[in-house]
Amino acid sequence: MKLLKILTQAAGPSGNEERIRDVIINEVKPYADEITIDPLGNLIVRKKGPGKKLMLDAHMDEIGIIVTYIEEDGLLRFSNLGGLMLNTVISQRVRFLSGVSGSVYKEMNGESELKLSEMYIDIGAESREEAEKLVSVGDVAVFEGAFDEKGNRIVSKALDNRAGCYVLIEALKKVKEPKNDLYFVFSVSEELGLRGAKTAPFNVRPDYAVAVDVTRTGDLPGKTKMAVKLGEGACIKVKDSSVLCHPYMKAKMVEAAEKRSIPYQMEVLESGGTDTGAIQHAIGGVPSGCISLPTRYIHTPSEMVDKRDLDAAVALMSAIIEDGCE
Ligand code: CO
Ligand code: ZN
């Protein structure tokens with residue numbers, strides 16, 4: 001789990017993926033035939049094969065914050081990069097790319113509804129002048145969330161979607177003589193609306209695609225019904241709000257899992273989209289599927305996944321690559 005720890009702890013808020021991209025490049029270099037970075041920053045790692053083009057995608061950005069205004073007293077006003085869960089951000093630590101750290105607060109007076117506009121970040125500065133020496137409007141930060149292993153469970157920030165990046169990297173390492181021409185794409189700005197995945201297919205021109213991302217679970221008290229549980233295997237996506245996965249890819253994935261007894265669960269995510277939707281609806285249409293990782297507490301600094309699901313996801317991705325798409 002050393003690689004996953006490194007991946008989760010690297011900073012890469014949407015639009016600022018340079019650091020996490022460098023970490024991934026370093027890891028995939030020995031296994032790649034070609035590495036390119038496209039105009040928007042998507043990392044495209046090719047493993048040559050004779051058949052049609054198969055694109056495998058995981059977004060590498062994470063949620064974060066962006067400074068909008070610096071108060072006279074040195075406190076920072078901010079906006080969200082991606083879907084912040086407001087009830088989980090108060091008193092959390094954030095770290096800017098420069099290394100400056102701060103904490104998110106809001107004046108708590110009773111049970112008022114949480115609004116981002118009432119929150120601020122305290123970096124310890126005593127005046128605007130002092131704060132401006134440390135940060136500028138437009139600077140970005142990510143939440144801090146250390147990597148912990150507890151039995152089969154892993155807790156960390158940014159498991160959305162470094163867990164997906166991990167699956168792609170591990171699958172790439174296992175590739176031998178692929179049937180398809182493989183393009184492993186680590187995309188940018190998914191959390192801002194699948195932005196990298198909207199453009200990457202025009203550079204790759206894939207015939208088929210499989211994305212990997214996290215999904216919710218239905219195994220917590222008081223939650224809406226969802227037939228996904230932590231530890232029960234990789235998910236084969238049927239639907240989310242961005243896509244109805246292509247029947248060809250869905251069938252391929254089920255067959256690959258069945259053939260090798262890889263534990264899997266069928267997933268219908270009622271709210272939330274993935275790169276899968278952007279890719280399937282790009283160019284003239286790219287039949288796409290998605291492997292999802294059951295994840296608790298998504299978009300908090302303490303997301304949780306299960307090692308057995310990660311192993312199953314790597315096995316399933318490797319199986320799809322081995323079987324090939326014709
Ligand atoms: Co996300
Ligand atoms: Zn994600």
Side-chain angles (χ1 to χ4, degrees), residues 8-22 40-41 59-147 155-162 187-198 214 216 241 271-273 295 297-303:
T8 58
Q9 296 303 301
S14 306
N16 298 263
E17 294 89 353
E18 298 82 2
R19 285 185 198 177
I20 177 61
R21 191 172 57 216
D22 284 346
L40 294 192
H59 74 85
M60 60 181 166
D61 61 312
E62 68 187 292
I63 56 164
I65 65 92
I66 183 162
V67 176
T68 54
Y69 184 80
I70 302 175
E71 300 276 6
E72 242 166 88
D73 55 11
L75 300 173
L76 314 179
R77 297 293 183 161
F78 66 99
S79 185
N80 58 308
L81 283 178
L84 286 192
M85 311 277 282
L86 290 191
N87 53 339
T88 68
V89 302
I90 306 288
S91 85
Q92 295 291 348
R93 304 279 171 97
V94 297
R95 193 168 292 276
F96 288 90
L97 298 182
S98 61
V100 170
S101 81
S103 307
V104 178
Y105 297 106
K106 173 191 180 299
E107 195 186 339
M108 296 303 235
N109 41 10
E111 308 305 308
S112 68
E113 187 195 328
L114 293 170
K115 288 196 197 99
L116 202 55
S117 59
E118 292 172 358
M119 297 182 189
Y120 57 87
I121 293 169
D122 194 333
I123 55 169
E126 294 175 41
S127 65
R128 178 180 284 159
E129 211 185 6
E130 199 186 327
E132 281 174 343
K133 286 183 188 140
L134 299 167
V135 295
S136 305
V137 168
D139 280 2
V140 296
V142 294
F143 289 88
E144 297 214 298
F147 184 93
V155 175
S156 176
K157 81 167 180 74
L159 283 164
D160 175 10
N161 184 30
R162 305 297 162 66
S187 69
V188 296
S189 290
E190 187 270 355
E191 300 292 357
L192 301 182
L194 325 180
R195 291 181 185 173
K198 282 180 183 165
V214 301
R216 292 175 194 287
S241 21
S271 66
T295 306
Y297 325 118
I298 293 177
H299 287 194
T300 75
S302 303
E303 298 173 330

Got more than 12 heavy atoms from elsewhere within 6.0 Å of CD, Glu71?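 Atom CD in Glu71 is crowded, with more than 12 foreign heavy atoms closer than 6.0 Å.
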Are more than 12 heavy atoms from other residues, nucleotides or ligands located less than 6.0 Å from atom CZ of Arg77?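 Yes.
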Closest heavy-atom pair and its distance - [X], [Y]:
X: Ser156; Y: Gly145; answer: OG-O, 3.6 Å
X: Asp61; Y: Val188; answer: OD1-C, 4.0 Å
X: Leu159; Y: Val214; answer: O-CG1, 3.7 Å
X: Ser103; Y: Arg93; answer: OG-CD, 3.3 Å
X: Ala11; Y: Leu97; answer: CB-CD2, 3.8 Å
X: Gly273; Y: Ser241; answer: N-OG, 3.7 Å

State, yes or no, whether a side-chain contact exists between [X] and [Y] at a heavy-atom distance under 4.5 Å.
X: Leu192; Y: Leu81; answer: yes
X: Phe143; Y: Val104; answer: yes
X: Ile66; Y: Val140; answer: yes
X: Arg195; Y: Leu40; answer: no
X: Lys106; Y: Leu114; answer: yes
X: Thr8; Y: Glu62; answer: no
X: Arg19; Y: Asp22; answer: no
X: Ser14; Y: Glu191; answer: yes

First locate atom [atom1] of [X], then atom [atom2] of [Y], and finally report the distance between them rounded to the nearest 0.5 Å.
X: His299; Y: Lys157; atom1: NE2; atom2: NZ; value: 12.5 Å
X: Leu84; Y: Met119; atom1: CG; atom2: CE; value: 8.5 Å
X: Leu134; Y: Phe96; atom1: CG; atom2: CZ; value: 9.5 Å
X: Arg128; Y: Tyr69; atom1: CZ; atom2: OH; value: 4.5 Å
X: Asn80; Y: Leu116; atom1: CG; atom2: CG; value: 5.5 Å
X: Gln92; Y: Tyr105; atom1: CD; atom2: OH; value: 10.5 Å

For Ser189 and Glu17: C-alpha separation, side-chain torsions, deciding distance, then whether side chain to side chain contact (heavy atoms under 4.5 Å, CB included) applies. CA-CA 8 Å; Ser189 290; Glu17 294 89 353; 3.7 Å; yes
